[in-house]
Amino acid sequence: MSEIVSKIKVATVWLDGCSGCHMSFLDMDERLLELGSQFDLVYSPLVDFKVYPESVDVALVEGAISSVEDEHKIHNIRKHTKFLIAMGDCAVTGNVAAMRNVFPVNKLLQRIYVAGADADPAIPRDGLPQLAKQARPAQDFVKVDVCLPGCPPQNRVIAGFLTNLLEGRKPEANQKIRFG
Amino acid sequence: MTSEELDHIARKERESQRSFPQRVNVCVAAGCLSCQADAVKEALTKEVASRGLDGQCQVKGVGCMGLCSEGPLVSISTGHLYQHVSTSDAGSILDSLDGLPVEQLLCPTDTPFFQRQKKIVLENSGTIDPERIEEYIAQKGYRALIKVLTAMTPQQVIAEITISGLRGRGGAGYPTGLKWSTVAKAVGTKKYVVCNADEGDPGAFMDRSVLESDPHRVLEGMLIAAYAVGASEGYIYVRAEYPLAIKRLKTAIRQAERNGLLGANICGTGFNLHIELRLGAGAFVCGEETALIASIEGKRGTPRPRPPYPAMEGLLGQPTLINNVETYANVPPILRNGGEWYAQIGTEKSKGTKVFALAGRVRNTGLVEVPMGISLREMVFEIGGGIPDGKGFKAVQTGGPSGGCLPSETLDMPVEYESLARVGSIMGSGGMIVMDETSCMVDVAKYFMDFCMTESCGKCIPCRVGTYQMHRILSAITNMSATEQDLKMMEELCDVVKHTSLCGLGQSAPNPVLSTLKYFLAEYQAHVHEHRCPAGVCGQGVLEKVSA
Amino acid sequence: MSATAVVKTLRIDGRDYSAKSDDTILDVARENDIFIPRLCELEGLSTVGACRLCLVEVKGSKKLLPACTTAVDEGMEISTNSERLQGYRKMIVEMLFTEGNHICSVCVSNGHCELQTLALELGMTHVRFPYNYPRLPVDTSHPRWVLDHNRCILCTRCVRVCAEIEGAHVWDIMGRGIDSMLIADLHQPWGESSCTRCGKCVQVCPTGALSDKTKFGSDHPKHPEFLPYLNMMREGQ
């Protein structure tokens, strides 16, 4: 872990996730204010930056890699990030996002947008990213530095994690963490 | 059946054979049968009849003569051996009985393949009709049994086997005398002897040959073993894929029973042994002794942890002696000639001979029996006749899916249990596959892993999932889509599967991978880093589906 | 049980313990609160030594031995928690996770699952092998219970409890290797099988593979503790 000379740059990203991990992150409540004063949130769905920065110290990535777009994103994130944390079961194991993996993509789209549609049955072309054959965990695409399982990871676990990180210690949970 | 009656049968048989001044023996074991040896035999018989030579020339079906690649094989009483015989050669073969041999069919027998062998297990293979007990008796068959039942105590029998140094020929090489004495001392209400004839290794056909060519030998061995350990019931577990062996065994059992050599009150000594056949149903794992026992008991053929060992608690919880076909086949000659005689053959720790099924990229493929301690080089280049088509030797695989691939650096080492284990392979049941430069060692490792993965019983996690994961990585390597990290992961998988699997299948499944990584790492590296297969095998043709 | 029970002493992780002569290593560990992970073993059922998680190092043995089936010997020296064993245990549990579709977050056994708890105990945060994502069925034909093959780890506890304790032998395994699957009778829907509806299999199942239809969310603790008592009552002891 590099020495903290200036405020470390933290990014959070959500890919094929439900944003539950981000909500758990926010559920740190007052601790978030305390920790937040020690880092710069340089990219996140919670703030307004549109472009992933050139150099990020720590990235918390939620969600599985489920589309071609996600794949581009995760490679880009890895390229510009020193320390990548897969946050939550979807990023670590695939989890709920991966439940679709046993079905072929076109059958899925048919079932959802055509057979299951109340009106205008048709597979949309705009705004629907090209789904990959399977939704897979981040580690299948890039090197992940630390995995933080949980669905979502508990707020105090995320807090403890970040505290270790900010105080220059090994970024690991202070307690045993489980999936689910 | 007394000793005198045995002598009488032997004498009559020898007289009957001598009454034919001319004899034509046709191999009717599975290998030659698969190239119409039965039609050849029929053609010869018809030709003899049409020439009116019925009383003078005997046409007989015999067991395996060894040089399976050149079959159908026919040997005649002049001492000549003919190869690649077809039905149209019947006439010329009969002519050659009192004339010159048929040049284009002649198979030279002064070669190392024939001269360098030492036949103990195969001493009758290729000379007797496996379907006639009289021929076995004429070759000193059942002599050892009578001697054992009338003149030896069980302890004396075990002592001879121990002195001989015979080790289990199924692959593990456990001292047979020790196993017998354990079962003899074990306490139970009833003891069993079991013959493991499930020969599942791809490329292995030694046991099949013995059962098709000389089944009485195995029965005699089991009888002597049963006497030694105190067993009264025996089972031969033979794989259903060996219908000819099954047929010949059934015939042999019936014949032995009819002659008072098997069943109740054998030879009037009060000793009883009933032998039944049990057929396998296509699972390699049922060659593992505890899985085999489970299968005989009518359960799913899955192994169980040992201890307790079958010698103490085996079939139906009783002390059970379980040995391989070849092990039993060695027993009658040891009791006939003495343990000392056997111990003089072979090396210090690996006594006696071993039957090997030599196959692959070698000129002479077939069955050979050699003394332990012969070098791999001699096996491949002299007995095997070397690599055909001007190709170079690359590796020799011993021990089937549980064994390893050995490179040219190991060619001068002796073939025996300890040396093979030292270089990362095993003796195994006797399969020996030679490979040349056109074989890709990664592909070979993948082939064996595919075998282990499909044959895994699924009871324990490391083998069930581990072999699948290793196969996935090997597929990725041969598909040129693997990374250095995949290689590392495979090594970790080899470690966990080898050391935590429940039975020998899982424990030895990583061996082909480990041995090829050790000796042929450059090939793996070429696939991973250069996306190139040095042997020109992988990456061509059909693309395989890779799950990662 | 022998009439004259000989007592043996042995050493586990550097400390001395006493044991009855027919105890297994796992029996002694359990009695003394020494943690040895296991998934296929359950008090009250026969042992099969299948999951390989309980393997321990025994001095003098080149091979690792399963604690659940290995009887204790006088003077045995056992190590239950070396780095090597920890490494193997993690890999075995990771293999299990890749084999099925173990999605804790939506499982009825979330929080009460022996597999999940074991992953937690071993400090497992991710799986190093790629997931298989197999397509496996869910059998809802039974009026009271559900079998979800995605969550089955093939521990065979259900097979054993149904065969040995209930005597119905409804469950068994079909197929081989990675294609092994739990089946009812001759591969019939559970609801049409000879199931006696005793419910024991659901209670002994370590994961959410066998579960109760009436349980909501993840409120499904299992209670297999009755087994040894049931055995004792039957043996009249």
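Numbers restart at 1 for each chain; the letters A, B, ... are given by sequence-line order, proteins then strands. These figures come from a predicted structure and were not determined experimentally.
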* Asked: Quick one: does Arg135(C)'s side chain get under 4.5 Å of Asn101(A)'s, heavy atoms only?
  -> no
* To do: With the side chain counted from C-beta on, respond yes when Thr125(C) and Ile177(A) share a heavy-atom pair under 4.5 Å apart, and no when they do not.
  => yes
What distance separates [X] [atom1] from [Y] [atom2], expressed to the nearest 0.5 Å?
X         : Y         : atom1 : atom2 : answer
Thr93(A)  : Phe97(C)  : OG1   : CZ    : 8.5 Å
Met124(C) : Cys147(A) : CE    : SG    : 10.0 Å
Asn110(C) : Arg178(A) : CG    : CZ    : 5.0 Å
Met99(A)  : Ile103(C) : CE    : CD1   : 4.5 Å

* Asked: In terms of side-chain heavy atoms, does Asn95(A) have a donor or acceptor partner in Ser105(C) at a distance below 3.5 Å?
  -> yes
Heavy atoms only: give me the nearest [X]-[Y] pair and the separation to one decimal.
X         : Y         : answer
Arg136(A) : Tyr131(C) : NH2-O, 3.1 Å
Phe179(A) : Ala119(C) : CE1-CB, 4.3 Å
Gln139(A) : Phe129(C) : NE2-O, 4.4 Å

* Structure fact -> So, the part of Ala91(A) with a heavy atom under 4.5 Å from chain C: the answer is neither
* Closest-packed option against chain C by number of heavy-atom pairs under 4.5 Å, given Gly150(A), Pro149(A), Ala98(A), Pro152(A) ->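 The residue among Gly150(A), Pro149(A), Ala98(A), Pro152(A) with the greatest pair count is Pro149(A).
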